[in-house]
Amino acid sequence: MLEIGSMGYNAALLAELAGSAGHVTSVDIDGDIVERARAHLTAAGYDRVEVVHADAEYGVPSGAPFVRIIVTVASPDIPPAWLAQLATKGRIVVPLQMKGRCHRHLTTPGTRSRSVNPKDFRAQPLSRVLAASRPRAQSRAAGPGAPVGGVQGRGWERCRHLADIGWGNVGGVGHHRRVLLIDVVRVSEAVTRTSARLGKVGHLAELLGRVGPDEAEIAISYLSGELPQRQVGVGWRTLEDVPQPKLAATATLAHVDELLSRIKAVSGAGSQAARRALVGELFAGLTSQEQQFMRRLLFGELRQGALDGVMIEAVAKASGAPSADVRRALTLRGWLPAVGAAALTGGVDALRAFRLEVGRAVSPMLAGSAPNVAAALDKAGAPAALEWKLDGVRVQAHRSGSEVKVFTRTLDDITPQVPELVEGVLAMPYDDLVLDGEVIALRPDGRPHPFQVTASRVSSKTDIERLREQTPLSVFFFDALRVDGADLLDLPYAQRQEALARAVPQGLLTPRLVTGETAEAERFFIDVVKAGHEGLVVKSLTSPYAAGRRGAGWIKVKPRHTLDLVVLAAEWGHGRREGKLSNLHLGARDPEGGFVMLGKTFKGLTDELLAWQTERFLELAEGPTDSWTVTLRPELVVEIAFDGVQRSPRYPGGMALRFARVLRYRPDKRVEDADTVETVRSLML
DNA sequence: CTAAGAGCCTC
DNA sequence: GTCGGAC
DNA sequence: GTCCGACGAGGCTCTTAG
């Protein structure tokens with residue numbers, strides 16, 4: 001496969017390409033250019049021209065239009081001379097309309113970059129341009145269009161792959177079949193059928209061994225249950241009626257990916273209809289097997305028993321790199337498909353080239369949990385650091401010079417929503433920082449607002465200036481990944497804390513206590529809860545910043561409430577709970593008579609309990625029952641644990657339980673013994 | 001102009 | 001977010 | 001010790017329907 005990018009549609013270039021290969025894909029953001037390219041290519045005898053949206057991954061500054069053309073040799077009968085010609089052409093990326101400082105360069109597979117005069121490029125056949133171009137210094141190869149960060153751009157990997165599969169060597173050309181969606185679907189089905197994790201890894205690695213770098217990102221993405229586009233605005237409603245499936249599976253990954261990008265891109269009035277039409281177009285090109293797969297993928301319910309964790313192993317196996325290196329690269333890059341593609345083409349060296357990069361979010365370290373402070377100290381190892389656990393939104397703040405970016409736990413950029421935080425970081429004495437913390441809305445008296453207030457403020461994008469006056473945000477940092485240009489991830493907690501204290505003013509530090517004494521720790525826990533906060537995070541003094549893992553380094557402890565509630569109804573489960581009544585509707589007793597629903601839960605149920613309750617509920621079934629919900633006679637009392645009571649706009653009592661889970665059934669209790677709404681209401685204050 | 005639905009984010 | 005099951 | 005998949009609460013934005 002060969003890729004050529006240019007700034008605009010170039011008739012001479014396309015004409016030449018038309019003489020050399022069998023399949024052309026044009027990538028562009030300008031409809032007119034696309035149409036002209038399509039017309040030209042069609043006239044040149046191509047039966048298939050696909051249009052894909054350009055993306056930022058080529059390192060082209062946003063707004064700089066460019067065209068990418070991918071030429072695939074579709075027939076193994078291509079004359080060797082053509083292959084030789086293709087192999088020397090390699091890849092050209094010329095961003096257009098970057099007036100003044102226009103970087104232009106050219107790379108050929110397995111060789112060095114060269115400079116290209118864009119005028120020549122436009123006016124002359126490619127071969128002549130190449131012949132006239134001079135070698136360019138290797139060290140400056142990374143201009144626009146070249147990979148960002150060395151190994152992460154797709155284009156570069158593609159070029160390397162050309163060399164790998166022997167395109168530079170005309171004598172020994174192997175035929176590299178394009179990977180189809182159906183190939184991925186079949187592997188997914190094999191993974192689903194296999195229960196052993198190593199077996200799953202084997203199936204995935206086998207596929208990774210035969211995808212080209214072009215498709216690697218898409219394949220890895222799909223097989224770890226996500227879309228490269230992340231979300232495309234398609235849910236169950238949009239998929240209610242899709243066209244009849246096709247009989248032959250011909251859809252390529254690139255084609256599906258392109259359609260999904262277009263689906264994501266539509267917006268404005270009429271967009272829902274347009275999106276539906278595009279979804280229809282996508283599904284019309286898929287077999288029923290593929291449709292099923294795509295449906296689950298779009299819902300985010302792949303249910304094949306393999307996500308990132310298993311795919312990491314598969315990437316390791318297929319690339320020959322240790323999984324620790326894959327994992328490490330993932331925490332720094334935040335997106336497994338990019339890491340996987342790099343590993344497949346560049347091996348362990350490419351993985352080790354990933355670095356903490358200011359401005360690019362790192363997967364945050366997560367905490368395990370323990371039922372009480374003593375258990376947490378035991379897990380983390382005493383003495384440990386105890387930090388206040390604030391009930392807000394996790395943030396990762398990056399500062400490079402005077403530029404600050406703020407990311408959430410899932411690496412979303414929320415910088416515009418939190419100006420207070422930006423100002424706070426800009427006031428710090430270092431201009432090269434990556435900090436980990438929590439934003440929270442505090443009342444004037446310093447006590448925290450309910451979580452809902454913080455969440456509402458953080459997710460609001462309009463009228464920020466007014467909102468920040470009404471509900472100012474505070475930020476409390478608790479870790480430092482980089483201070484003053486030094487990466488700290490591998491240092492023990494205690495040393496990272498020293499750096500944190502240097503960079504962050506006292507008022508923005510999360511309150512903490514270092515102790516090995518259980519009694520002292522428990523007093524600290526009581527204090528933080530009294531102050532209205534969520535609990536504590538107990539941290540090992542020696543653990544590094546294990547990004548992206550829920551390790552033993554950090555252990556959270558929260559107080560737990562319980563209530564005896566009545567089961568009002570239950571919902572049929574899905575997936576591994578198919579055929580079982582799973583989700584319980586929970587009600588508190590109303591002293592006036594009847595019950596007030598406070599929420600639902602499906603958590604805390606063992607398989608045995610699930611089987612038991614399904615049988616029992618069907619005996620108690622009464623009243624309106626549909627394919628979703630079974631209403632019950634209110635006779636069963638169940639003990640429920642939960643974190644707190646919050647105001648609810650949805651439930652009749654105006655309140656709902658947060659993180660409700662089943663502890664056990666209480667056959668010894670009668671409904672008359674269940675807790676009342678008054679008891680629950682008193683917990684909300 | 002308002003309300004409701006859908007999708008996607010936080011916890 | 002929590003939890004149980006499976007490796 | 002880890003990973004996965006069962007699904008919970010609220011609330012914001014964007015779009016469409018009335």
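All values below come from the heavy atoms of this structure, side chains included, with hydrogens, waters and symmetry mates left out. Throughout, a chain's letter reflects where its sequence line sits, starting with A, and its residues are numbered from 1.
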Just to be sure I understand the rule, does V234(A) reach a base, reach only the sugar-phosphate, or reach nothing, if contact means heavy atoms closer than 4.0 Å? sugar-phosphate

Exercise for review: Name the nucleic acid region contacted by Q304(A), choosing base, sugar-phosphate or nothing; use a 4.0 angstrom heavy-atom cut-off, strictly under.
Suggested key: sugar-phosphate

Could you tell me whether the phosphate oxygens of dC11(B), OP1 or OP2, come under 4.0 Å of any side-chain nitrogen or oxygen in T454(A)? no

Rounded to whole Å, CH2 of W236(A) lies from P of dG5(B) at a distance of 10 Å

S195(A) side-chain N/O to dA6(C) phosphate OP1/OP2 under 4.0 Å:
no

TODO: Using a cut-off of strictly less than 4.0 Å, decide whether R577(A) has a side-chain nitrogen or oxygen near OP1 or OP2 of dG4(C).
DONE: no

Rounded to whole Å, the CG-P distance (L390(A) to dT10(B)) equals 18 Å

To the nearest angstrom, the CZ-C1' distance between R661(A) and dA9(D) comes to 13 Å

Against the side chain of Q452(A), the closest entry in dG11(D), dT13(D), dC11(B) is dG11(D)

Side chains of I640(A) and L598(A): does their closest heavy-atom pair fall under 4.5 Å? no

note: L366(A), atom CG; dT2(C), atom C1'; distance rounded to Å ~ 14 Å

The nucleotide from dC4(D), dT16(D), dT10(B) with an atom nearest the side chain of V310(A) is dC4(D)

It should be established whether R394(A) places a side-chain nitrogen or oxygen under 4.0 Å from OP1 or OP2 of nucleotide dC11(B).
no

inquiry  = Please determine whether a side-chain nitrogen or oxygen atom of K389(A) lies at a distance below 4.0 Å from atom OP1 or OP2 of dG1(C).
reply    = yes

- Query: Quick one: do the R577(A) and S582(A) side chains pair a donor with an acceptor below 3.5 Å?
  - Reply: yes

Which part of the nucleic acid, if any, lies within reach of A641(A) when heavy atoms closer than 4.0 Å are counted: base, sugar-phosphate only, or nothing?
nothing

Quiz item: Counting any heavy atom closer than 4.0 Å, what does D308(A) reach on the DNA or RNA strands: base, sugar-phosphate only, or nothing?
Solution: sugar-phosphate

In whole angstroms, the gap separating C1' of dT2(C) from CG of L657(A) amounts to 14 Å

Whole-Å distance, R296(A) CZ to dG5(D) P, equals 11 Å

For this session: Assign A656(A) to base, sugar-phosphate, or nothing according to its heavy-atom contacts below 4.0 angstrom with the strands shown.
Result: sugar-phosphate

Heavy-atom nearest nucleotide on DNA chain C taken for K603(A) and for R576(A); more 5' hit belongs to K603(A)

Worksheet entry | Side-chain N,O (K558(A)) to OP1/OP2 (dG1(C)) below 4.0 Å | no

What's L198(A) touching, base or sugar-phosphate or nothing? Going by heavy atoms closer than 4.0 Å. nothing

With the side chain defined as heavy atoms from C-beta on, T408(A) is closest, among dT10(B), dG8(D), dC11(B), to dT10(B)

- prompt: What interatomic distance, in whole Å, is found between C1' of dG1(C) and the corresponding atom of dC8(B)?
  reply: 16 Å

*Ring centroid separation for W388(A) and F476(A), is it under 6.0 angstrom?*
no

* Asked: Base, sugar-phosphate, or nothing for G368(A), non-hydrogen atoms under 4.0 angstrom?
  -> nothing

| message | For a quick test of reading the model: is some side-chain N or O of Q646(A) closer than 4.0 Å to OP1 or OP2 of dG10(D)? | response | no

Paired with R276(A), the side chain to side chain contact (heavy atoms under 4.5 Å, CB included) test is passed by just one of V266(A), T238(A), L239(A), V242(A), namely T238(A)

Looking only at side-chain N and O atoms, does H203(A) offer a donor or acceptor that is under 3.5 Å from a partner on T194(A)?
yes

From the list E420(A), Q417(A), H449(A), side-chain hydrogen bond (donor to acceptor under 3.5 Å, both in side chains) partner of R457(A) resolves to E420(A)

Considering every strand and a 4.0 Å limit on heavy-atom distances, what is the contact class for S369(A): base, sugar-phosphate, or nothing? nothing

From the list I414(A), I440(A), T408(A), V406(A), side chain to side chain contact (heavy atoms under 4.5 Å, CB included) with V458(A) holds only for I414(A)

Q) Does T606(A) place a side-chain N or O at less than 4.0 Å from the phosphate oxygens OP1/OP2 of dC3(C)? A) no

Regarding the side chain of Y651(A), the nearest nucleotide among dC12(D), dA9(D), dG1(C) is dA9(D)

Quiz item: So does S456(A) get a side-chain nitrogen or oxygen closer than 4.0 Å to the phosphate oxygens (OP1/OP2) of dC12(D)?
Solution: yes

Using a heavy-atom cut-off of 4.0 Å across all strands, would you classify R275(A) as base, sugar-phosphate, or nothing?
nothing

Item checked: Any R647(A) side-chain nitrogen or oxygen under 4.0 Å from OP1 or OP2 of dG11(D) -> no

*asked:* Under 4.0 Å, counting only non-hydrogen atoms across every strand here, what does V395(A) touch: a base, just sugar-phosphate, or nothing?
replied: nothing

Check the side chains of T679(A) and S682(A) for a donor-acceptor pair under 3.5 angstrom, ignoring hydrogens and angles.
no

Taken to the nearest whole Å, CD1/I640(A) to C1'/dC3(C) is 12 Å

Discussion item. Categorize K379(A) for me: base, sugar-phosphate, or nothing, with a 4.0 angstrom heavy-atom threshold over every strand shown.
Written reply: nothing

From the candidates dG11(D), dT15(D), dC3(D), the one with an atom nearest any side-chain atom of R197(A) is dC3(D)

task = Verify the contact: side-chain N or O of Q231(A) to OP1 or OP2 of dC9(B), cut-off strictly under 4.0 Å; return yes or no.
result = yes

When rounded to whole Å, the CZ to P distance for the pair R230(A) and dG7(B) reads 18 Å

Just checking V458(A): base, sugar-phosphate only, or nothing, at a heavy-atom cut-off of under 4.0 Å? nothing

R303(A) side-chain N/O to dG5(D) phosphate OP1/OP2 under 4.0 Å
no

### Message
With a 4.0 Å cutoff (strictly under), does any side-chain N or O of N583(A) reach OP1 or OP2 of dG8(D)?
### Response
yes

Would you check if the side chain of K200(A) reaches a backbone N or O of V191(A) as a donor-acceptor pair within less than 3.5 Å? yes

Side-chain contact check for D607(A): nearest option of dG5(C), dG1(C), dC4(D) is dG5(C)

query = Is there a side-chain polar atom (N or O) of S648(A) under 4.0 Å from OP1 or OP2 of dG10(D)?
reply = yes

